Amino acid sequence: MEYQIHGSTMQMLEVRLQPGETIFSEAGCLLSMTPGTRMETRAPGGLGGMFRRAFSGNSLFLNYFHAQHGQETVQFTTRLPGHILPLSLRQYGRIIAQRHAFLCAEDQVDFGVEATLNLGRFLGGNGLVFMYLDGDGTCFISVDGEVVERDLAPGERLLVHPGHIAAFTSSVDYRVQAMQGVTNMFFGGDGLYMVQLTGPGRIWLHSITIHNLVHIIQEHTSQVF
């Protein structure tokens, strides 16, 4: 599989598939495909897989794109202005992603829902569900705004606003802690909780969040009307 990422602030991913190669994506990500591409919509994991994806807020079905005879091209686009990030699972191993960050992946990638009973994750604003990406291929995630990337050394900690977390390697420990100070908590405007990420491992962060973007648009709309 060959790919190229086009654009700057609203990127598009172009994937060139050879005969026998397959890539899959969430519903709603497709921009275009050449006529020889065969698209198949299915629900991997059966009813259980559909239930887990519905619980996560993701689409019930995944779209699979196959090159049948010659080289075919499929293009995907993001939901918000931002960047498309290719991640080699051979290099990083298992990756845990925020549920709306996944864009597409090679067919060799194992993609599923990682539910957790960690109440801290729920209180932190990311819910009880993340997505996992594992296997021996390349996956692509969508990072809103600019990509903030950081490697954490063993035991190194970083406090992050939960809405800005796009993905992290499975070696990173994720814990939620309350915002310090009552005034900060209720009047600081950054929520009640922060996420403590502890290395070793790599993290990828959104520089903007959809919640902040919606808030700005609502303020602008109210001023106009």
Side-chain angles (χ1 to χ4, degrees), residues 1-6 11-31 33-34 36-46 48-50 52-53 56 58-78 83-116 129-143 147 149-152 154 165-174 197 199-205:
M1 181 193 73
E2 298 178 349
Y3 67 88
Q4 190 171 1
I5 297 171
H6 302 276
Q11 292 190 331
M12 177 268 290
L13 171 66
E14 180 177 285
V15 178
R16 292 179 292 278
L17 300 173
Q18 299 300 327
E21 292 184 332
T22 300
I23 193 167
F24 66 92
S25 75
E26 284 276 7
C29 299
L30 176 65
L31 177 63
M33 61 182 181
T34 50
T37 307
R38 181 167 63 92
M39 175 178 167
E40 180 184 2
T41 300
R42 62 178 190 256
M50 291 178 64
R52 287 190 294 271
R53 285 189 292 276
S56 72
N58 288 67
S59 58
L60 297 179
F61 297 89
L62 298 175
N63 293 329
Y64 290 76
F65 303 89
H66 313 273
Q68 298 185 90
H69 305 295
Q71 177 178 284
E72 302 296 342
T73 301
V74 186
Q75 295 179 325
F76 301 96
T77 189
T78 60
H83 292 76
I84 296 171
L85 194 62
L87 300 176
S88 170
L89 298 178
R90 300 179 189 93
Q91 176 183 355
Y92 295 112
R94 187 182 181 95
I95 289 174
I96 309 301
Q98 182 259 348
R99 58 196 179 98
H100 292 304
F102 173 72
L103 183 64
C104 59
E106 290 185 273
D107 196 35
Q108 303 97 302
V109 172
D110 182 20
F111 169 72
V113 175
E114 180 170 283
T116 175
V129 175
F130 283 74
M131 314 306 296
Y132 71 82
L133 296 154
D134 202 357
D136 191 35
T138 298
C139 64
F140 300 85
I141 64 171
S142 173
V143 179
V147 180
E149 186 177 66
R150 181 161 176 174
D151 287 312
L152 298 177
I165 296 174
F168 50 91
T169 56
S170 60
S171 57
V172 173
D173 182 60
Y174 177 117
L197 299 173
R202 177 167 293 189
I203 60 175
W204 296 271
L205 307 177

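Keep in mind that this is a model prediction, so the values were computed, not measured.
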K.L.:
List in chain and number order the residues that pass side-chain hydrogen bond (donor to acceptor under 3.5 Å, both in side chains) with Y3, two or more places apart in sequence or in another chain; answer none if no residue qualifies.
P.N.:
none
K.L.:
Just to verify, what does D173 make a salt bridge (charged side-chain N to carboxylate O under 4.0 Å, His left out) with, not counting sequence neighbours?
P.N.:
R175
K.L.:
Tell me, please, which residues at least two apart from H66 pass side chain to side chain contact (heavy atoms under 4.5 Å, CB included).
P.N.:
T22, R38, E40, R42, Y64
K.L.:
Would you please name every residue forming a side-chain hydrogen bond (donor to acceptor under 3.5 Å, both in side chains) with T169, sequence neighbours left out?
P.N.:
S171
K.L.:
With a 6.0 Å cut-off on ring centres, are F130 and Y174 close enough?
P.N.:
yes
K.L.:
Please list, chain by chain and in numerical order, all residues satisfying side-chain hydrogen bond (donor to acceptor under 3.5 Å, both in side chains) with E14, sequence neighbours excluded.
P.N.:
R16, Q75
K.L.:
Does E106 reach the main-chain N or O of V109 with its side chain, forming a donor-acceptor pair under 3.5 Å?
P.N.:
no
K.L.:
Output every pair passing salt bridge (Lys or Arg N to Asp or Glu O under 4.0 Å) with a member in residues 131-143, not counting sequence neighbours, ordered by first then second residue.
P.N.:
R90-D136, R94-D134
K.L.:
Applying side-chain hydrogen bond (donor to acceptor under 3.5 Å, both in side chains), can you list everything that pairs with E72, at least two apart in sequence or on another chain?
P.N.:
T34
K.L.:
Would L103 and I141 count as a side chain to side chain contact (heavy atoms under 4.5 Å, CB included) here? Give the steps.
P.N.:
CA-CA 5 Å; L103 183 64; I141 64 171; 5.9 Å; no
K.L.:
Can L152 and F168 be said to form a side chain to side chain contact (heavy atoms under 4.5 Å, CB included), step by step?
P.N.:
CA-CA 10 Å; L152 298 177; F168 50 91; over 6 Å; no
K.L.:
For D107, enumerate each residue passing the salt bridge (charged side-chain N to carboxylate O under 4.0 Å, His left out) test, keeping only those at least two apart in sequence or located in another chain.
P.N.:
none
K.L.:
Check the orientation of F24 and F111. Use parallel for under 30°, tilted for 30 to 60°, and perpendicular for over 60°.
P.N.:
tilted
K.L.:
Search all heavy atoms of S88 against all heavy atoms of T138 and return the closest pair with its distance.
P.N.:
CA-OG1, 4.3 Å
K.L.:
Could you report the tightest heavy-atom contact between L13 and C104, atom names first, then the distance?
P.N.:
CD2-SG, 3.4 Å
K.L.:
To the nearest 0.5 angstrom, please state how far the OH atom of Y92 sits from the SG atom of C139.
P.N.:
10.0 Å
K.L.:
Under a plain distance cut-off of 3.5 Å, with no hydrogens placed, do T41 and N63 share a side-chain donor-acceptor pair?
P.N.:
yes
